[in-house]
Amino acid sequence: MLDLNFILKNINLIKEKTEKRHYSYDFDKLLQLAENRKNIIKEVEELKWKRNKGSKEISQLIKTGKDASFLNKEMRELSDSVKSLDITLKNLNDEINKLLLNIPNIIDDTVPIGVNETDNIVVRSYGEKPVFNFQPKPHWEIAENLGIVDFNRASKLSKSRFSIYFGNGAKLERALINFMLELHTAKGYVEIIPPLLVNETTMTGTGQLPKFEEELFKCERDNLYLIPTAEVPLTNIHSGEILSIEKLPIYYVAYTPCFRREAGSYGKDVRGLIRQHQFNKVELVKIVSDESSSAELEALLLNAEEILKLLNIHYRVVTLCSGDLGFSSSKTYDIEVWLPGLNCYKEISSCSNFKDFQARRASIKYRDKKGKIHFAHTLNGSGLAVGRTFLAILENYQTKEGYIRIPDVLQGYFKDLQLIK
RNA sequence: GGAGAGGUGUCCGAGUUGGUUGAAGGAGCACGAUUGGAAAUCGUGUGUACCCUUUACGGGGUACCGAGGGUUCGAAUCCCUCCCUCUCCGCCA
């Protein structure tokens with residue numbers, strides 16, 4: 001959410017930045033409502049001032065034993081108009097708030113301008129595409145042949161886009177989770193196990209609601225939502241708080257399952273593990289001071305990249321262009337991993353700087369050394385999507401025989417096993 | 001799920017027969033005095049959001065005592081709903 005007064009003062013900047021996202025928005029309506037709001041506030045506050053003054057008068061009269069009933073009629077009328085204006089104001093505020101919640105974040109000046117993902121810019125890459133002396137298979141073939149992932153039985157238990165991991169498949173997934181958590185906690189991230197079900201306020205704080213309700217699994221009966229990413233609970237840990245500057249920067253890491261309805265993506269990535277309703281992810285979240293977030297984003301990105309470097313898998317980093325940027329983000333880098341079986345790059349991590357956009361929604365503030373209060377800046381990134389890392393290993397570490405070599409850095413989790421057969 | 005107690009400022013803690021209470025008192029913190037320095041002591045200050053006003057410093061106003069409604073000229077104080085915490089019971093991993 002952007003600040004209303006900031007929007008009013010910088011309306012041209014906001015319009016320009018929003019257009020660059022190719023996001024259409026009716027700012028005139030907002031401006032009109034904001035104007036009404038100010039007028040009504042002025043009016044109602046003046047009436048309240050009169051009412052308060054009158055009440056004190058009555059109080060004084062009663063205390064000195066005098067009759068105050070001659071004021072009753074006037075005061076009642078005053079009070080009635082305050083009440084009706086208060087209702088008008090509340091409705092107006094609600095309406096403005098709804099509009100504000102649907103304005104996307106301001107894109108960072110360093111974000112390339114473009115229309116869609118084809119305009120994203122590759123900033124760097126690591127390693128090279130591996131060369132195979134056979135035709136590499138897609139991960140689902142390898143996995144099903146080895147019996148380490150079962151899609152059909154999973155859809156029997158739930159529905160399509162779910163999976164069951166078996167034996168060394170389950171073990172590989174767990175090894176990856178541990179490997180990632182150990183690396184990040186060693187870098188100073190505090191490990192968190194958050195709730196997986198959260199309420200509407202929490203979902204609104206990070207921007208999943210109200211715009212993306214369709215994407216969420218909801219427990220109607222209890223009015224709770226399954227988290228689509230650990231970003232939601234982690235970022236909201238300090239919602240409604242004013243942190244002291246000494247507490248910053250805050251670094252959190254959490255492994256959680258993530259749940260997404262994937263509405264509107266029918267027919268996309270239907271096979272295999274790429275797009276599931278439930279998947280595992282290790283998520284990094286930072287809460288930092290407002291002048292440090294740009295540098296923190298670069299550091300966060302490197303932390304995520306390191307996992308793939310250690311696994312020795314080829315990837316590239318792209319900067320999302322203005323048209324491809326997420327609603328809440330000011331700047332985003334995607335890490336795209338190379339998948340030889342599918343012969344393409346696939347997003348495996350998304351690292352974003354939200355600046356004060358989420359902090360304003362969730363009211364996460366900090367007090368600087370002079371005692372002045374600022375909104376914090378929040379960032380997050382996958383470190384990494386575990387399911388996609390799993391399938392990247394399958395495709396990059398497959399052998400001619402259809403086996404999977406276990407990466408060196410994961411060897412410790414498998415004792416003497418070098419190959420999953 | 002049943003019975004009871006409670007939710008007040010950075011913290012502790014008054015205030016529930018409604019009336020200058022943004023809110024006593026204490027602690028903490030900041031600044032100043034005292035000191036060679038420190039402790040102790042004394043003095044002053046110490047919330048947030050929004051509106052109006054001012055070039056600025058500042059000044060004025062409104063709201064906020066878990067959240068949302070209601071009663072009233074007026075509510076931290078009375079009534080209703082919800083949320084949360086604690087104790088006991090039941091159930092259960």
Side-chain angles (χ1 to χ4, degrees), chain A residues 1-10 30-101 193-205 209 219-225 233 236-248 250 257 290 356-357 359-376:
Chain A
M1 181 164 62
L2 303 178
D3 178 56
L4 180 59
N5 282 328
F6 181 82
I7 294 172
L8 297 180
K9 278 184 200 149
N10 302 280
L30 181 70
L31 295 180
Q32 181 62 54
L33 291 175
E35 181 71 23
N36 291 352
R37 175 175 171 271
K38 283 211 174 178
N39 291 333
I40 289 180
I41 286 176
K42 242 183 271 183
E43 204 180 331
V44 75
E45 289 198 348
E46 198 180 319
L47 288 178
K48 281 182 181 172
W49 176 71
K50 280 188 190 163
R51 185 188 65 183
N52 291 348
K53 221 171 61 169
S55 292
K56 279 176 194 168
E57 252 176 76
I58 291 176
S59 159
Q60 288 305 314
L61 288 172
I62 291 172
K63 267 189 182 167
T64 52
K66 288 175 189 154
D67 177 42
S69 57
F70 68 95
L71 282 168
N72 281 357
K73 184 164 177 285
E74 193 190 334
M75 289 298 288
R76 177 180 280 272
E77 280 165 9
L78 195 55
S79 185
D80 285 346
S81 35
V82 165
K83 269 176 201 166
S84 79
L85 270 180
D86 262 342
I87 290 168
T88 313
L89 183 62
K90 188 183 178 296
N91 291 337
L92 206 47
N93 276 332
D94 287 349
E95 208 174 335
I96 288 172
N97 226 1
K98 262 185 219 158
L99 290 178
L100 286 179
L101 287 174
I193 300 178
L196 306 181
L197 286 166
V198 301
N199 60 34
E200 189 180 326
T201 307
T202 302
M203 280 295 182
T204 307
L209 290 177
C219 303
E220 200 69 54
R221 193 184 164 94
D222 297 288
N223 223 339
L224 292 169
Y225 297 84
N236 278 288
I237 285 177
H238 297 290
S239 66
E241 296 184 17
I242 299 175
L243 303 157
S244 68
I245 184 83
E246 294 85 52
K247 285 205 169 173
L248 302 184
I250 290 171
D290 57 9
D356 60 3
F357 189 85
R360 186 171 285 109
R361 284 173 167 246
S363 190
I364 305 166
K365 303 177 185 177
Y366 71 93
R367 200 184 300 275
D368 69 19
K369 279 184 183 134
K370 288 177 184 165
K372 201 169 170 243
I373 288 172
H374 309 252
F375 281 109

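Values in this document were obtained by computation on a predicted structure and should not be read as measured data. Residue numbers begin at 1 in each chain, while the letters A, B, ... track the order of the sequences.
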Any base atoms under 4.0 Å from A:Lys90, or only sugar-phosphate, or nothing? Heavy atoms, all strands.
sugar-phosphate
What's the NZ-P distance between A:Lys48 and B:C73, to the nearest Å?
17 Å
Within the pair A:Ser59 and B:U20, is there a side-chain N or O less than 4.0 Å away from OP1 or OP2?
no
Integer angstrom distance from the C1' of B:A23 to that of B:U8
9 Å
Whole Å only: how far is the CZ atom of A:Arg37 from the P atom of B:C52?
9 Å
Below 4.0 angstrom from OP1 or OP2 of B:C73, is there any side-chain N or O of A:Asn52?
no
Does A:Arg76 have a side-chain nitrogen or oxygen under 4.0 Å from the phosphate oxygens OP1 or OP2 of B:C73?
yes
What integer distance in Å separates A:Asn5:CG from B:C52:P?
9 Å
Expressed in whole Å, how much space separates the P atoms belonging to B:U81 and B:A5?
15 Å
Taking atom CD of A:Gln60 and atom CD of A:Glu57, what is their separation to the nearest 0.5 Å?
9.5 Å
Would you call A:Lys90-A:Asp94 a salt bridge at under 4.0 Å N-O?
yes
Please state how far atom CG in A:Leu89 lies from atom C1' in B:A49, giving the value in whole angstrom units.
13 Å
Would you measure the distance from the C1' atom in B:C11 across to the matching atom in B:U17 and give it in whole Å?
32 Å
Rounded to whole angstrom, note down the P distance from B:C29 over to B:A38.
15 Å
In whole angstrom, give the distance that lies between atom CE of A:Met75 and atom P of B:C73.
9 Å
The residue, A:Ile87 or A:Leu71, whose nearest nucleotide of RNA chain B is more 5′ is A:Ile87
Polar contact flag, side-chain donor to acceptor under 3.5 angstrom, A:Asn199-A:Thr202
yes
Counting only heavy atoms not in A:Glu241, do more than 12 fall under 6.0 Å of its CD?
yes
Say we look at B:C79 and B:G6: how far apart would their P atoms be, to the nearest angstrom?
12 Å
Roughly how many Å is it from CG in A:Asp86 to C1' in B:U71, rounded to a whole number?
16 Å
Who does B:A56 pair with, Watson-Crick or G-U, both distances under 3.5 Å?
none
Heavy-atom neighbours of A:Ile193 CD1 exceed 12 at 6.0 Å
no
If you look at every strand shown and take non-hydrogen atoms under 4.0 Å, does A:Ile242 touch a base, only sugar-phosphate, or nothing?
nothing
Identified pairing partner of B:U16, criterion: Watson-Crick or G-U wobble below 3.5 Å:
none
Do the side-chain N or O atoms of A:Arg367 get closer than 4.0 angstrom to the phosphate oxygens (OP1, OP2) of B:C29?
no
For atom NZ of A:Lys38 and atom P of B:G61, their distance in whole Å:
20 Å
Considering every strand shown, what is the Watson-Crick or G-U wobble mate of B:U48 when both distances are under 3.5 Å?
B:A63
On a whole-Å scale, what distance lies between the P atoms belonging to B:U21 and B:U35?
39 Å
Closer to the 5' end of RNA chain B via nearest nucleotide, is it A:Lys56 or A:Ile41?
A:Lys56
Does B:U35 have a Watson-Crick or wobble mate here (both distances under 3.5 Å), and if so which one?
none
In whole Å, I'd like the distance from the CD1 atom of A:Ile40 to the P atom of B:U62.
19 Å
